[in-house]
K.L.:
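Sharing a structure here in structure tokens format.
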Amino acid sequence: MVLDQIKKENDIKKIPSEQLPRLAQEIRTFLIENIAKTGGHLASNLGVVELTMALHLSFDLPKDKIIWDVGHQSYTHKILTGRRDGFETLRKYKGLSGFPKTMESPCDCFNTGHSSTSISAGIGMATAREITGENYHVVSVIGDGALTGGMAYEAMNNASQLKKNFIIILNDNNMSISENVGGMSKYLSDFRTATAYRGLKMDILNSLNKIPVYGERMVKGIRKTKNGIKQLLIPGMLFEELGLIYLGPVDGSDIQQMCRVFQEAKRIDGPVLVHVLTKKGAGYLPAEKYPSRFHGAEPFDVESGKPLTQKSAATYTDVFGRTLYKIAEQNEKVVAITAAMEDGTGLRKFKCNFPNRFFDVGIAEEHAVTFGAGLAASGLVPVFAVYSSFLQRSFDQILHDVCIQRLPMVFAIDRAGLVGSDGETHQGIFDLSYLSAIPGLTVMAPKNKWELMAMLHYAVKLGAPVAIRYPRGEAYDGLQEYNSPIELGKSEIIYKEYGIALLAVGSMVETAERVHELLQEKGIPSTVINARFAMPFDKEQIVALQEDHDMLITLEENVASGGFGEHVSAFVKQNDIALDVHSIAVVDDYVEHGSVELLKHMLGIDPASVFQKILEWRKK
């Protein structure tokens, strides 16, 4: 196998050019076979095999810096930098990350789990290179989807100030940003970036500017004519107007063509954008046909492309999607917003049935929130369905544009808590902390799928900003006999005993139920309370607990700092309530990838660990 010759970075340069197509095929086969076992991001990685090879042939790692945006397309990069043997541990605890990790390899120069960041980071590195006087190339690879994020445009606007080489690779695998007009486009791209042409252009313009009175007019006329011709003949004028030299489009399956263009890009002083056309899922028919299904794939059968484990029970995402659809049938003012996550957030049925009330704004969470605020200010009820870790990007918009105005907008926060294999950049363990800090925002969390339905109905009618957080995966259907009406800021008692009170938020109610059973086996009584509201929380219930309880334990799938437990503990202390308060929460740190069950045990928030902690606290 040609692939066996790749042991470390830059080994690809030893491969004869005629063997490169074979290497590309071997990499694809390797990716398909391994991701079928471990799960992972398949379609995006199959699309950039040749692009990654061309980058590694054209640049020297780790001296040169390649920043991947989003990082889930870096699998071939990992293979070509000597990490092939680690793929059996991909996204497993202590195993190979599914994203670039600076701690994993010096060839990963920047961690990227969220999109639209690579150009900003690249400009920073290119600027640092000039300050320190070092000599290396900086390459930011950004997908066409990530280019919908406003941060990318802020960065491109800033990039024009660079005087030295900085390369942006636009990996365009879907959206036709500009049309390839064939030979004329290639000719003009080559001609405009040639050293002789650029020098001649500057000489002519400088000479004309020296002519009294008429020189400046002539230069303006030439520029106007030049721009008019460019608009007609050259794709990528958006980038040119931002001050970037545009090269392309380039065939993302043609390694030699990409290498030639990359060499040309390296010679340019200043920022240059290379537009590469790729195909998601290339080389594997199921992924080509259903790229979204193989974006973040679970283990699957290679022959058929079907998942190895069929989904048996409804997920919280499914429950949310069905419930919102039913609500929208009855309430024409309800509209749905997503940030490029139509399928991931369960909104496909809503879109199909209410296309005029469905809005996909692309990877632009900040815009999504303020767009929703505009809808709410105009009498509609927007529901923004978003992953917890992505909502972090729009904190200012939630506070400033929604909550200060008390606008009736609903944040449906999927993937709240631990999400598992995607790791640090995707764990939804901070939302309770940053949302609870915003005055006027009601923050809720359901104990099971039935309560999610009820909370969504309640939130749409509340007439104020409200967030509902729910976890990834199968929706809990236990405790369905406990379904008292939802009242603002009121908790729900599940089991009423005495001594120890377990006050749990959302997914941790199921954990509290299991802990209650373990305590019963030891003959230790305990009360289980479903908090329902993280903010405002039920202060009256806490005050009442001191009558027949001496210990209060809060449980949340969120970091301790600024979380539910911290708020409750502060309230108890400030009001001299006779309760010994302990908090079960995620450690104040970033949590790496691994299965949710394993991570919960490692963090000490699974039922067995909580039970042991309670026994220790009782002894003390």
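Computation of the quantities below employed the complete heavy-atom set of this structure, encompassing side-chain atoms and omitting hydrogens, waters and symmetry-equivalent molecules.
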K.L.:
Identify the two heavy atoms, one from E487 and one from F533, that lie closest to each other, and give their separation to 0.1 Å.
P.N.:
O-CE1, 3.0 Å

K.L.:
Does Y387 offer a backbone N or O that forms a donor-acceptor pair with the side chain of D414 under 3.5 Å?
P.N.:
no

K.L.:
Please check: side-chain N/O of K613 versus main-chain N/O of I584, any donor-acceptor pairing under 3.5 Å?
P.N.:
no

K.L.:
With a 4.5 Å heavy-atom cut-off, do V383 and V335 have their side chains touching?
P.N.:
no

K.L.:
So does E88 have more than 12 non-hydrogen atoms from other groups sitting under 6.0 Å from CD?
P.N.:
no

K.L.:
Do M455 and P446 have side chains that get closer than 4.5 Å, going by heavy atoms?
P.N.:
yes

K.L.:
Between S609 (side chain only) and I605 (backbone N and O only), is there a donor and an acceptor less than 3.5 Å apart?
P.N.:
no

K.L.:
Within the structure provided, determine whether I500 and P525 are in side-chain contact (heavy-atom separation under 4.5 Å).
P.N.:
no

K.L.:
To the nearest 0.5 angstrom, please state how far the OG1 atom of T76 sits from the CZ atom of F30.
P.N.:
10.0 Å

K.L.:
Is S389 reaching over with its side chain to a backbone N or O of G428, donor-acceptor style, under 3.5 angstrom?
P.N.:
no

K.L.:
Looking at every non-hydrogen atom in both residues, tell me the closest pair between I337 and G372 and how far apart they are.
P.N.:
CD1-CA, 3.6 Å

K.L.:
So which atom in V386 and which in T345 form the shortest heavy-atom distance, rounded to 0.1 Å?
P.N.:
N-CG2, 4.0 Å

K.L.:
Tell me which donor-acceptor pairs under 3.5 Å the side chains of residues 472-481 have, and how far apart each pair is, sequence neighbours excluded?
P.N.:
| residue | atom | partner | partner atom | Å |
| --- | --- | --- | --- | --- |
| R472 | NH1 | V419 | O | 3.1 |
| Y476 | OH | E513 | OE1 | 2.4 |

K.L.:
Do the side chain of D108 and the main chain of T102 share a donor and acceptor less than 3.5 angstrom apart?
P.N.:
no

K.L.:
Show the numbers, then the answer: is there a side-chain hydrogen bond (donor to acceptor under 3.5 Å, both in side chains) between E366 and S394?
P.N.:
CA-CA 5 Å; E366 302 95 326; S394 52; over 6 Å; no

K.L.:
I'd like to know whether D588 forms a side-chain hydrogen bond (donor to acceptor under 3.5 Å, both in side chains) with S561, so could you lay out the CA-CA distance, the side-chain angles of the two residues, the decisive distance to 0.1 Å, and finally the verdict.
P.N.:
CA-CA 6 Å; D588 290 329; S561 182; 4.6 Å; no

K.L.:
Once you measure the plane-to-plane angle for F411 and F384, does it fall in the parallel (<30°), tilted (30-60°) or perpendicular (>60°) bin?
P.N.:
perpendicular

K.L.:
Can you find a heavy atom in the side chain of L603 that is under 4.5 Å from one in the side chain of V591?
P.N.:
yes

K.L.:
Without swapping roles, check the side chain of Q73 against the backbone of D69 for a donor-acceptor pair under 3.5 Å.
P.N.:
yes

K.L.:
Quick check on R84: does its CZ atom have over 12 non-hydrogen neighbours (other residues, nucleotides or ligands) under 6.0 Å away?
P.N.:
yes

K.L.:
For residues V443 and I438, determine if any side-chain heavy atom of one lies less than 4.5 Å from a side-chain heavy atom of the other.
P.N.:
no

K.L.:
With heavy-atom distances below 4.5 Å as the criterion, would you say the side chains of C109 and I67 are in contact?
P.N.:
yes

K.L.:
Write out all pairs satisfying side-chain hydrogen bond (donor to acceptor under 3.5 Å, both in side chains) with one or both partners inside residues 449-460, taking only residues at least two apart or from two chains.
P.N.:
K447-E451, E451-N530, E451-R532

K.L.:
To check you understand the geometry: which heavy-atom pair defines the closest contact between C403 and P439, and what is its length?
P.N.:
CB-O, 3.9 Å

K.L.:
Taking C-beta and beyond as the side chain, do I614 and W617 meet within less than 4.5 Å on heavy atoms?
P.N.:
yes

K.L.:
Looking at every heavy atom in both D422 and F99, which two are closest together, and how far apart are they?
P.N.:
O-CE1, 3.4 Å

K.L.:
Are any of the side-chain nitrogens in D548 or K496 under 4.0 Å away from the carboxylate oxygens of its partner?
P.N.:
yes

K.L.:
Going by the angle between their ring planes, with limits at 30° and 60°, are H295 and H72 parallel, tilted or perpendicular?
P.N.:
perpendicular

K.L.:
Taking only Lys NZ, Arg NE, NH1 and NH2, and the carboxylate oxygens of Asp or Glu, determine whether E104 and R83 approach each other closer than 4.0 Å.
P.N.:
yes

K.L.:
In Å and rounded to the nearest 0.5 Å, what is the CG to NZ distance from N111 to K101?
P.N.:
5.5 Å

K.L.:
Tell me if the aromatic rings of H426 and F390 count as close, with their centers under 6.0 Å from one another.
P.N.:
yes

K.L.:
Given R348, which partner from the list D360, D318, D343 fulfils the salt bridge (charged side-chain N to carboxylate O under 4.0 Å, His left out) test?
P.N.:
D343

K.L.:
Quick one: pull up CG in N483 and CD1 in I486 and give me the separation to the nearest 0.5 Å.
P.N.:
10.0 Å

K.L.:
At what distance, to the nearest 0.5 angstrom, does CG of L519 lie from OG of S526?
P.N.:
4.5 Å

K.L.:
Can you check salt bridge (Lys or Arg N to Asp or Glu O under 4.0 Å) on D431 and R469, steps first, answer last?
P.N.:
CA-CA 8 Å; D431 54 68; R469 75 183 308 255; 2.5 Å; yes

K.L.:
Would you give the length of the straight line joining atom OH of Y316 to atom CG of L452, rounded to the nearest 0.5 angstrom?
P.N.:
7.5 Å

K.L.:
Test your reading of the model: is there a side-chain donor-acceptor pair from T338 to the backbone of M341, 3.5 Å cut-off?
P.N.:
yes

K.L.:
Do E342 and F350 have side chains that approach each other closer than 4.5 Å (heavy atoms only, starting at C-beta)?
P.N.:
no

K.L.:
Any donor-acceptor pair under 3.5 Å linking the side chain of Q427 with the backbone of E592?
P.N.:
yes

K.L.:
Let me see the working for Q397 and T370 under side-chain hydrogen bond (donor to acceptor under 3.5 Å, both in side chains), right down to the final yes or no.
P.N.:
CA-CA 6 Å; Q397 288 73 23; T370 304; 5.0 Å; no

K.L.:
First locate atom CZ of R322, then atom CG of L456, and finally report the distance between them rounded to the nearest 0.5 Å.
P.N.:
12.5 Å

K.L.:
Would you find a donor on one side and an acceptor on the other, under 3.5 Å apart, between the side chain of H582 and the backbone of I553?
P.N.:
no

K.L.:
Say whether, by atom type as modelled, one donor and one acceptor occur between the side chain of N45 and the main chain of H41 under 3.5 angstrom.
P.N.:
yes

K.L.:
Fit a plane to each ring of H516 and Y495, take the angle between them on a 0 to 90° scale, and name the class: parallel (under 30°), tilted (30 to 60°) or perpendicular (over 60°).
P.N.:
parallel

